[in-house]
2 protein chains.
Amino acid sequence: MNKYLPVLKRVNLFRGIEEAELQSLLSCLSAKESHYEKGQTIFFNGESIERFGIVLSGEVQIVQDDYYGNRSILARMDTGNLFGESFACAEIKTLPVSVIATTESELLFIDYHRLAVPCARACGFHCRLIQNMLNIVSIKNILLTQKVEFISKRTTREKLLAYLSAEAKRAGSNRFSIPFNRQQLADYLFVERSAMSAELSKLKKSGALTFHKNQFELLGIGGL
Amino acid sequence: MNKYLPVLKRVNLFRGIEEAELQSLLSCLSAKESHYEKGQTIFFNGESIERFGIVLSGEVQIVQDDYYGNRSILARMDTGNLFGESFACAEIKTLPVSVIATTESELLFIDYHRLAVPCARACGFHCRLIQNMLNIVSIKNILLTQKVEFISKRTTREKLLAYLSAEAKRAGSNRFSIPFNRQQLADYLFVERSAMSAELSKLKKSGALTFHKNQFELLGIGGL
DNA sequence: CCCCTTTTGTTGGAATTACAACAGATTTAT
DNA sequence: ATAAATCTGTTGTAATTCCAACAAAAGGGG
């Protein structure tokens with residue numbers, strides 16, 4: 001666990017908590033580290049969870065699979081980010097999503113009840129942790145709202161442009177990488193892969209953008 | 001404000017707080033009541049907010065309008081529910097949505113900072129309020145996740161059936177009302193109104209469901 | 001280096017959705 | 001009560017997306 005202390009001290013959940021206190025806090029919370037292989041399912045749709053996870057290394061995706069095998073990616077979480085915290089905090093009985101390890105990953109699990117109902121020793125941290133958690137879930141809601149904005153667009157082209165514009169803004173540059181391959185990007189935008197690929201090629205041909213694999217460059221709005 | 005005490009004591013934010021304390025707590029929080037006419041905009045896309053709202057009576061919708069005038073409804077909030085809390089809690093600078101009064105409404109506004117940083121007198125409630133708020137935003141996250149599930153469906157028919165099935169489940173009956181007219185339902189599912197109307201008629205003709213205005217009855221899966 | 005697998009892009013046809021227009025039904029205003 | 005406004009459903013056409021198939025490109029393993 002010492003190996004991941006540099007990661008953990010930058011996790012928003014532990015903001016305001018001294019590094020010297022982190023280890024004993026994690027021990028008090030009975031935090032448990034686990035290893036997952038690429039492709040392994042961490043949480044299954046339909047189950048009830050009490051723990052949320054923190055990504056120490058690797059990446060996980062929050063997904064929904066429909067009856068026909070279409071996959072919808074809701075979000076991806078990489079190092080330092082939490083997943084499943086809303087479901088654990090809300091104490092729901094039936095998880096509406098699955099969580100999948102996209103790459104080999106090390107994850108830290110914490111039982112939400114231990115966070116919410118602290119022992120007397122950790123009482124000084126209780127409010128801090130809950131307030132940090134409130135900040136995290138609020139930001140998650142905003143990210144999900146942005147995601148909804150992408151998919152509210154009525155054509156595949158608009159969805160692509162909305163998403164890619166936001167990524168350029170996030171990167172602070174017109175050249176940037178995205179964390180998805182083509183199938184994953186289609187699953188994130190809820191469209192069909194090859195049709196999206198065709199749209200990307202049209203956008204490239206029109207001069208609006210250029211790309212190779214997951215590297216993109218926006219070339220201005222001249223082509224729109 | 002006394003008029004709305006019965007509403008307020010059932011608001012989840014105030015769970016665990018005695019009715020006798022509510023009034024002084026609201027005073028301490030400098031809660032402010034406001035009246036809005038039908039159609040009035042409460043929060044504007046792009047602005048920065050520090051207050052969140054509670055619906056005392058009426059209804060508000062969280063919406064996004066695109067360049068072409070298409071409206072996307074993210075959520076609706078009726079009596080007793082909060083809106084804007086994630087944005088206020090996360091302290092964002094630019095609101096990505098607008099909030100509109102769908103009907104004539106009475107709303108109560110609270111400054112998030114007053115909630116988070118209490119005076120010495122209210123210190124006993126600080127943790128309680130933050131924890132209640134965490135529960136609220138977590139549930140909001142789950143509702144938004146469910147909304148994403150509706151719109152992840154790849155055809156208008158599937159979107160309709162996903163939404164209507166969830167409403168039947170929520171109502172505990174195959175006969176139920178929905179809180180949207182046709183245009184609003186289309187805006188909620190991100191589809192075009194008349195195409196959706198045509199799909200509803202096909203579903204009725206196939207025997208899957210029947211409806212009149214916002215009254216629906218699911219007739220089993222025989223018609224699918 | 002070669003072979004196999006996976007990813008990406010392309011293409012034509014089928015399916016679905018958007019659009020515009022309009023008629024009928026319902027609600028609102030005078 | 002009547003007229004005006006709004007909502008809902010229908011229809012034909014245009015536009016877009018999905019699907020299946022396949023070729024080309026890229027990546028991985030022996």
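Throughout, protein chains are lettered first and strands after them, A, B, ... in sequence-line order, and every chain is numbered starting at 1. What's counted below: heavy atoms across the whole structure, side chains too, no hydrogens, waters or symmetry copies.
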Item checked: Within residues 167-204 of chain A or reaching into it, pairs that qualify as ring-ring contact (aromatic ring centres under 6.0 Å, His included) - sequence neighbours excluded -> Y163(A)-Y188(A), F180(A)-Y188(A)

Margin query: Whether S201(B) contacts dG9(D) is assessed here as follows: a side-chain N or O lying under 4.0 Å from the phosphate OP1 or OP2. Is that the case?
Written below: no

Notebook entry, point to check: For the pair made of NZ in K153(B) and P in dT16(C), what is the distance, rounded to whole Å?
Noted result: 17 Å

Checklist line | Under-4.0 Å side-chain N/O to phosphate OP1/OP2 contact, K213(A) with dG27(D) | finding: yes

Note to self: From NZ of K204(A) over to P of dT10(C), roughly how many Å is that when rounded to an integer?
What the structure shows: 8 Å

Check: Among the nucleotides dT8(D), dC18(D), dT8(C), which one has an atom lying closest to any side-chain atom of N181(B)?
Finding: dT8(D)

Check: Atom NZ of K159(B) and atom P of dT17(D): how far apart are they, to the nearest Å?
Finding: 12 Å

Checklist line | Centroid separation F87(A) to F43(A) less than 6.0 Å | finding: no

Next item on the list: Verify, without hydrogens or angle tests, whether S138(A) (side chain) and L134(A) (backbone) share a donor-acceptor contact under 3.5 angstrom.
Entry: yes

Margin query: Need to verify one output field. Residue with the more 5' nearest nucleotide on DNA chain C, K202(B) or S197(A)?
Written below: S197(A)

Checklist line | Length of the CZ-P vector between R154(B) and dA14(C), whole Å | finding: 23 Å

Check: Among dA21(D), dT8(D), dA26(D), which nucleotide sits nearest the side chain of R182(B)?
Finding: dT8(D)

Check: Within this structure, what is the CG-to-C1' distance between L203(A) and dT17(D), rounded to whole angstrom?
Finding: 15 Å

Next item on the list: For F211(B), report the nucleic acid contact type (base, sugar-phosphate, nothing); a contact means any heavy atom under 4.0 Å.
Entry: sugar-phosphate

Next item on the list: Go through the N and O atoms of the side chain of S194(B) and the base of dA18(C), and report whether any donor-acceptor pair is under 3.5 Å.
Entry: no

Margin query: For dA15(C), does the base pair up with any side-chain atom of T155(B) as donor and acceptor (N or O, under 3.5 Å, distance only)?
Written below: no

Next item on the list: Return the nearest nucleotide to the side chain of R193(A); candidates are dT11(D), dT8(C), dT11(C).
Entry: dT8(C)

Next item on the list: Starting from P on dT5(C), measure out to CD on Q183(A) and report it in whole angstrom.
Entry: 20 Å

Notebook entry, point to check: Counting side-chain heavy atoms from C-beta on, which of dT17(C), dA26(D), dG9(C) comes nearest to A195(B)?
Noted result: dT17(C)

Item checked: Between dT17(C) (C1') and F190(B) (CZ): distance, integer Å -> 16 Å

Check: Distance-only, no hydrogens or angles: does the S105(A) side chain make a donor-acceptor pair with backbone N or O of L107(A) under 3.5 Å?
Finding: no

Note to self: Donor-acceptor pair, distance only, cut-off 3.5 Å: does the side chain of R182(A) make one with the backbone of K213(A)?
What the structure shows: yes

Check: Can you tell which of dT11(D), dT11(C), dA18(C) lies closest to the side chain of V191(B)?
Finding: dA18(C)

Check: Less than 4.0 Å between a side-chain N and a carboxylate O, is that true for E85(B) and K140(B)?
Finding: yes

Margin query: What is the separation between atom CE on M196(A) and atom C1' on dT10(C), rounded to the nearest whole Å?
Written below: 14 Å

Notebook entry, point to check: For E192(A) and H212(A), take the nucleotide of DNA chain D holding the closest heavy atom to each; which residue's nucleotide lies nearer the 5' end?
Noted result: E192(A)

Next item on the list: Using a 4.0 Å heavy-atom cut-off across all strands, classify T156(A) as base, sugar-phosphate, or nothing.
Entry: sugar-phosphate

